Trainee: 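Supplied in structure tokens, the structure appears directly below.
The model shown is predicted, which means the values in this text are computed figures rather than measured ones. Numbers for residues simply follow the sequence, beginning at 1.
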Amino acid sequence: MSTATLPQKRSDIAYRPVGQFEETRFEKIHNVIFDSSSKASILVAQEIAELVRKKQEKGLPCVLGLATGSSPIRVYEELVRMHQEEGLSFANVVTFNLDEYLPMEKDNRQSYWYFMHEHLFNHVDIPEENINIPDGTLTGDTIIPYCLAYEQKIMDAGGLDFQLLGIGRTGHIGFNEPGSHRNSGTRVITLDHITRVDAAPSFLGIDNVPRRAITMGIATVQSAKRVVLLGWGQNKADIIKKTVEGEISSEVPATYLQEHTNCTFVLDNGAGSKLTRNKTPWLVDESLQWTETLTAKAVLWLSITLGKSILSLTDKDYNDNGMSGLLALQDSYDLNIKMFNRLQHTITGWPGGKPNADDTSRPERATPEKKRVIIFSPHPDDDVISMGGTFDRLIEQGHEVHVAYQTSGNIAVTDTEALKFAEISKNINPSKEVDDLITSIKSKTESSIDTLEIRKLKGSIRRSESYAATRYLNLADEYVHFLDLPFYETGTVKKNSLTQDDIDIMVDIIDKVKPHQIYAAGDLADPHGTHSVCLDAVFAALETLKTASYMKDCWVWLYRGAWHEWDIHEIEMAVPMSPAQVLKKRSAIFCHQSQKDDVMFQGDDTREFWMRAEERNKNTADKYRKLGLAEYAAMEGFVRHHFMSS
């Protein structure tokens, strides 16, 4: 097989992927950006495998520092594949994991011991005695000697040859939270509240998340001969920018990696999106190729940054902000008008197209006047959270609207909420089945998985709430579809991979409706990946059906809003909402009562989803106003996906 290595800060660079690293005055850590986190993970796995083989050839142990969390899972999958299909042996590998919760039993599904065995160790030939994971069962006076011994064991093994890292929202590496010192070693640390909030969904509530952990220190990580940090998704973009471009600070512990001589950040487009060379490349390179998309991005950024409307931008504004090359191509007056018109043409109160109207400058077609529409919603509330106003407008304007909930959403219902409904059921119709259900809920432990009966109850709660919302919007029940895609039904936060069964269900509903419009969630910042898998399911179904005659007339629109919003330059259809529609959307979201007050999957925003949605919709409208366009109470934005040309 052929192998490749990630580009390193050395003269022996053997491989440069698309999006190769180019040093800029802003960046202080070597990084490479990939279109696909899966492809990037495979490359990282290949580098590890090559290191393992080289050590084997010399009869030496290969000492790996390993991480947990969602980021390295694909790396471990590829290492397992190489072991099973290509004979990669781990007989000479010695591993040291970064951290473990305290207290934490090994057999707890949330333990990192469990994670590493589930994803890697149980599937390769590594000797059990070569596996080192911090012990989460330690107490009292035994902890400090254990931490010192862990450090000594790393040194006795010859030091870390390779350290794999993820990065937390606080900028932690391992569990080195803000305030960690560059000279810190393996120790006990109190977890930051934000870290515990991020872990809360996996533990089914923040109260179940341990407050302490054992972690390798900054100095331990820095001692590794090679460090690779993985960063996936837009929700990591802010902390990646701070780490790569900011000053070294204990408040962002990952910035200490700026001092490492052989460190690479491996990122996907989302995680790297806020680096200066990606967000505002004209500040880095004035000899850019000014495409229409880049021009729009630059002009709108300039307008927002200077607080001036598009039509009031001057030559000086462009020249002072790295855009002299753009002015060399066209006059600022013509450029301003072109960009103003481009943005104005995205606004429409007719998301299904306006009948009997000239549609040459509108985002949607005028015909057919009445369209068949499918709104795909990953969870049973994403439809109203992210595009509730547009959903309402499509129904009011007479289109045949179908909503398809891709997953049951059962994992997002708390045990407290489930118990409430079970007890109500018992009061209405007592039975042994209900008694058993109540007993099962009450006897659950932190590490136990919901039984099938509990999952059915929680799914029924989400289903009833969905009907309440769609009925409120005057959508008949016959147009509401619950797909319950199998990949989701694990009873845990960790989901299965997409299979053909999932894709077949998606194909079936699309083929049944034969839509003129499809709306799907393009909001991939969901920290637990369900949105991403659901979008992959949509794309896989579209690929299967793209030769069907009716698909030639189908347009696909991607919405956001639950986690992040589209940037203004990306929006191709903006649907305004009146104050009354904003309140109507809020009421539809309120129908999902099990998701109010206690947000289980809140990601990097602790507010309830209706609050997030309203602010983002208001901010979008406010940006349009500041750019010099009409003033609206709120707006929902969409980007068209051209699947026929993909």
Side-chain angles (χ1 to χ4, degrees), residues 107-110 200-208 377-384 402-473 475-496 501-502 505 508-509 528 530 534 587-601 608-609:
D107 61 354
N108 189 312
R109 295 183 64 87
Q110 305 308 327
S202 297
F203 284 85
L204 301 182
I206 192 170
D207 292 340
N208 300 322
S377 181
H379 302 97
D381 55 0
D382 288 310
D383 54 337
V384 290
H402 297 254
V403 59
Y405 298 108
Q406 292 173 272
T407 71
S408 67
N410 57 50
I411 192 67
V413 178
T414 65
D415 291 337
T416 301
E417 193 75 9
L419 182 61
K420 178 177 72 177
F421 279 87
E423 290 176 338
I424 291 172
S425 178
K426 179 179 180 179
N427 290 336
I428 296 173
N429 185 22
S431 68
K432 182 180 182 304
E433 289 77 10
V434 174
D435 286 339
D436 290 344
L437 188 58
I438 291 173
T439 300
S440 181
I441 295 171
K442 287 183 175 180
S443 62
K444 275 186 62 182
T445 63
E446 291 179 23
S447 60
S448 61
I449 300 175
D450 283 349
T451 64
L452 180 60
E453 289 71 27
I454 293 176
R455 297 210 302 270
K456 285 181 177 178
L457 171 61
K458 291 182 175 181
S460 295
I461 293 170
R462 299 300 305 269
R463 185 172 292 206
S464 297
E465 292 171 344
S466 298
Y467 274 129
T470 53
R471 289 167 185 165
Y472 176 75
L473 295 177
L475 185 68
D477 289 356
E478 65 189 280
Y479 298 111
V480 181
H481 311 272
F482 298 93
L483 305 186
D484 293 338
L485 295 183
F487 85 87
Y488 184 88
E489 298 303 320
T490 63
T492 69
V493 173
K494 181 181 179 297
K495 307 306 177 199
N496 292 325
D501 289 341
D502 300 295
I505 292 170
D508 183 65
I509 185 67
H528 296 285
T530 299
C534 285
S587 296
I589 297 173
F590 282 0
C591 291
H592 295 272
Q593 282 294 310
S594 70
Q595 304 304 295
K596 277 196 88 281
D597 304 324
D598 184 18
V599 182
M600 279 186 78
F601 298 93
E608 291 184 42
F609 278 112

Trainee: Side chains of Leu437 and Leu457, heavy atoms from C-beta outward: is any pair under 4.5 Å?
Mentor: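 Counting from C-beta outward, Leu437 and Leu457 do come under 4.5 Å.
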Trainee: Could you check whether the rings of His402 and His481 sit parallel, tilted or perpendicular, using 30° and 60° as the cut-offs?
Mentor: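 It falls in the parallel class, under 30°.
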Trainee: Please check if the side chain of Thr407 supplies one atom and the backbone of Leu485 the other of a donor-acceptor pair under 3.5 Å.
Mentor: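 No: the side chain of Thr407 does not pair with the backbone of Leu485.
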Trainee: Picking from Lys458, Lys420, Glu417, Glu465, what satisfies side chain to side chain donor-acceptor pair (under 3.5 Å) with Ser594?
Mentor: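 Of all the options given, the one that passes is Glu465.
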Trainee: Drop me the distance from Ile589's CD1 to Asp381's CG, to the nearest 0.5 angstrom.
Mentor: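 Answer rounded to 0.5 Å: 8.0 Å.
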Trainee: Got a donor-acceptor contact below 3.5 angstrom from the His592 side chain to the Pro380 backbone?
Mentor: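 Yes; at least one donor-acceptor contact below 3.5 Å.
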Trainee: Donor-acceptor check, side chain of Ser460 to backbone of Lys456, threshold 3.5 angstrom: yes or no?
Mentor: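 Flag set: sc Ser460 to bb Lys456 pair under 3.5 Å.
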Trainee: What is the distance from atom CG of Asn496 to atom CD of Glu489, rounded to the nearest 0.5 Å?
Mentor: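 One finds 10.0 Å between CG of Asn496 and CD of Glu489.
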Trainee: Are the side chains of Ile449 and Lys444 in touch, meaning some heavy atoms are under 4.5 Å apart?
Mentor: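 Answer no - side chains too far apart.
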Trainee: Could you check whether Asp502 and Tyr488, counting side-chain N and O atoms only, form a donor-acceptor pair closer than 3.5 Å?
Mentor: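 Result is no, nothing qualifies.
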Trainee: Mind checking whether Gln593 and Ile461 have side chains closer than 4.5 Å, heavy atoms only?
Mentor: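 Of all side-chain heavy-atom pairs linking Ile461 with Gln593, none is under 4.5 Å.
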Trainee: Using the test ring pair (Phe, Tyr, Trp, His ring centres under 6.0 Å), find all partners of Phe590 that sit at least two apart in sequence or belong to another chain.
Mentor: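 Applying ring pair (Phe, Tyr, Trp, His ring centres under 6.0 Å) to Phe590 gives Trp610.
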Trainee: What I want to check is whether the side chains of Glu453 and Ser440 have a donor and an acceptor closer together than 3.5 Å.
Mentor: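 Result is no, nothing qualifies.
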Trainee: So does Phe203 get a backbone contact from the side chain of Asn208, meaning a donor-acceptor N/O pair under 3.5 Å?
Mentor: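 Judged by distance alone, yes, a pair lies under 3.5 Å.
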Trainee: May I ask you to say whether Asp415 pairs ionically with Lys442, meaning some side-chain N is under 4.0 Å from a carboxylate O?
Mentor: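 No, Asp415 and Lys442 are not salt-bridged.
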Trainee: Could you give all pairs that pass the ring pair (Phe, Tyr, Trp, His ring centres under 6.0 Å) test and reach residues 448-467, with sequence neighbours left out?
Mentor: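 Qualifying pairs, neighbours excluded: Tyr467-Phe482.
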Trainee: Should Phe487 and Thr530 count as side-chain neighbours, where that means a heavy-atom distance under 4.5 Å?
Mentor: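 Answer yes - side chains close enough.
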Trainee: Using 4.0 Å as the upper bound for N to carboxylate O, is an ion pair formed by Asp484 and Arg462?
Mentor: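 Not counted as a salt bridge, because no side-chain N and carboxylate O are separated by less than 4.0 Å.
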